[in-house]
Amino acid sequence: GSYQDYGVWITSGDMNLVTNNTIRGHGFYGVNLDGNAATNTIWGNTIRSNDLYGVRLNGEAVDGNRIVLNTITGPTNQDTGVYIQNGDMNLVTINTIRGHSLNGVSLIGDAATNTIWGNTIRSNGLYGVLLDGAYVDGNRIISNTIDSGASGTFQDCGVRITNGDT
């Protein structure tokens with residue numbers, strides 16, 4: 001990808017702090033953590049109008065990251081607010097996540113032991129929170145406000161867990 005595809009791209013970096021930024025209008029992701037990016041903090045940012053995901057964490061070693069106190073909105077064709085694929089022990093807390101064409105938060109594949117806590121998740125097109133994958137285990141969804149919001153855009157379901165290990 002090019003620098004225009006991502007607002008912030010951390011690959012194999014640890015203990016970085018991204019704070020007090022406006023991140024908008026990128027071709028793929030507002031914030032992208034992949035490779036071995038672990039224990040990073042995305043704090044207090046406005047992340048909006050990026051084409052696919054507001055924040056994307058993708059990788060077997062993308063663990064222990066914190067997404068805190070951000071406003072993540074998608075008035076254009078943004079797919080998902082926070083997308084975590086295969087990462088473990090990540091924390092998504094006290095964010096406002098709204099207005100995405102699909103999901104507010106998605107935990108996909110082998111994403112395990114993540115915590116989604118204290119967020120306001122509203123007016124997303126399909127699900128407030130989606131957990132989808134055979135090894136999406138041990139995740140905690142605690143004390144969130146998940147609703148259709150004042151816009152009247154009704155999501156299909158607040159929390160959906162599918163394709164789990166049987």
Side-chain angles (χ1 to χ4, degrees), residues 1-3 5-19 23 26-43 45 47 50-70 72-74 77-98 100-119 121 124-144 146 155-166:
S2 72
Y3 69 91
D5 293 337
Y6 313 103
V8 175
W9 186 4
I10 300 173
T11 300
S12 302
D14 297 338
M15 298 187 300
N16 295 290
L17 172 64
V18 178
T19 188
I23 303 166
H26 297 280
F28 293 133
Y29 319 118
V31 177
N32 185 45
L33 280 66
D34 62 16
N36 294 315
T39 63
N40 296 287
T41 301
I42 311 302
W43 183 294
N45 300 285
I47 303 167
N50 298 287
D51 285 350
L52 290 177
Y53 309 128
V55 178
R56 175 182 179 253
L57 283 64
N58 183 33
E60 293 292 333
V62 179
D63 300 333
N65 296 289
R66 293 163 304 280
I67 302 165
V68 183
L69 284 169
N70 298 285
I72 305 168
T73 59
N77 294 321
Q78 192 173 21
D79 184 307
T80 299
V82 177
Y83 182 91
I84 301 173
Q85 183 169 2
N86 303 328
D88 299 334
M89 298 177 291
N90 296 291
L91 173 66
V92 178
T93 189
I94 319 172
N95 298 285
T96 298
I97 304 168
R98 63 179 162 80
H100 301 95
S101 62
L102 290 181
N103 308 312
V105 178
S106 296
L107 303 177
I108 306 296
D110 294 340
T113 63
N114 296 287
T115 301
I116 312 302
W117 173 63
N119 300 284
I121 303 170
N124 296 290
L126 198 53
Y127 307 117
V129 179
L130 171 66
L131 285 75
D132 185 358
Y135 300 103
V136 179
D137 299 324
N139 294 291
R140 292 165 301 280
I141 303 168
I142 304 167
S143 298
N144 297 283
I146 304 171
Q155 53 201 33
D156 187 42
C157 167
V159 177
R160 171 108 194 256
I161 303 171
T162 186
N163 295 322
D165 191 16
T166 57

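Ring geometry for Tyr53 versus Tyr29: interplanar angle under 30°, hence parallel rather than tilted (30 to 60°).
Under the 3.5 Å distance criterion, the side-chain polar atoms of Asn65 are matched with a main-chain donor or acceptor of Thr39. Of the possible donor and acceptor atoms, none in the side chain of Asp88 sits under 3.5 Å from a partner among the backbone N and O of Thr113. Checked by atom type and distance alone, the side chain of Arg66 pairs as donor or acceptor with a backbone atom of Gly64 at under 3.5 Å. Between the side chain of Thr19 and the backbone N or O of Trp43, at least one donor-acceptor pair lies under 3.5 Å. Side-chain N or O atoms of Asn70 include one that pairs as donor or acceptor with a backbone N or O of Ile42 at under 3.5 Å. In this structure, Asp137 contributes its side chain and Ala112 its backbone to no donor-acceptor pair below 3.5 Å. Between the side chain of Asn163 and the main chain of Asp132, no donor-acceptor pair closer than 3.5 Å is present. Checking side-chain atoms of Asn139 against main-chain N and O of Asn114 turns up a donor-acceptor pair under 3.5 Å. No donor-acceptor pair closer than 3.5 Å links the side chain of Asn32 to the backbone N or O of Trp9. In this structure, the side chain of Asp34 does not engage the main chain of Gly59 through any donor-acceptor pair within 3.5 Å.
For the side-chain contact (heavy atoms from CB on, under 4.5 Å) criterion with Val18, the lone passing option out of Val55, Ile47, Asn45 is Asn45. Among Thr93, Leu91, Ile97, Leu57, the single residue meeting the side-chain contact (heavy atoms from CB on, under 4.5 Å) criterion with Ile67 is Leu57. When the options Val105, Ile146, Asn144, Leu130 are evaluated for a side-chain contact (heavy atoms from CB on, under 4.5 Å) with Val159, the one that passes is Ile146.
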Worksheet item: Could you walk me through whether Leu126 and Arg160 pass the side chain to side chain contact (heavy atoms under 4.5 Å, CB included) check?
Response: CA-CA 10 Å; Leu126 198 53; Arg160 171 108 194 256; over 6 Å; no
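Across every non-hydrogen atom of Thr80 and His100, the tightest pair is C-CD2, 3.8 Å. Asp79 and Ser101 get closest at one heavy-atom pair: CA-OG, 3.5 Å. Looking at every heavy atom in both residues, Ala61 comes nearest to Ala38 through O-CB, 3.9 Å.
The structure places CD1 of Ile10 at 10.5 Å from OG of Ser12, a figure rounded to the nearest 0.5 Å. Taking OH of Tyr135 as the reference point, atom CG of Asp110 lies at 7.5 Å (rounded to 0.5 Å). In this structure, OG1 on Thr41 lies 10.5 Å from CE on Met15, to the nearest 0.5 angstrom. Atom CD of Glu60 and atom CG of Asn36 lie 10.5 Å apart (nearest 0.5 Å). Rounding to the nearest 0.5 Å places OH of Tyr6 at 9.0 Å from CG of Leu52. Here the straight-line distance linking atom CG of Asn95 with atom OG1 of Thr73 works out to 12.0 Å at 0.5 Å rounding.
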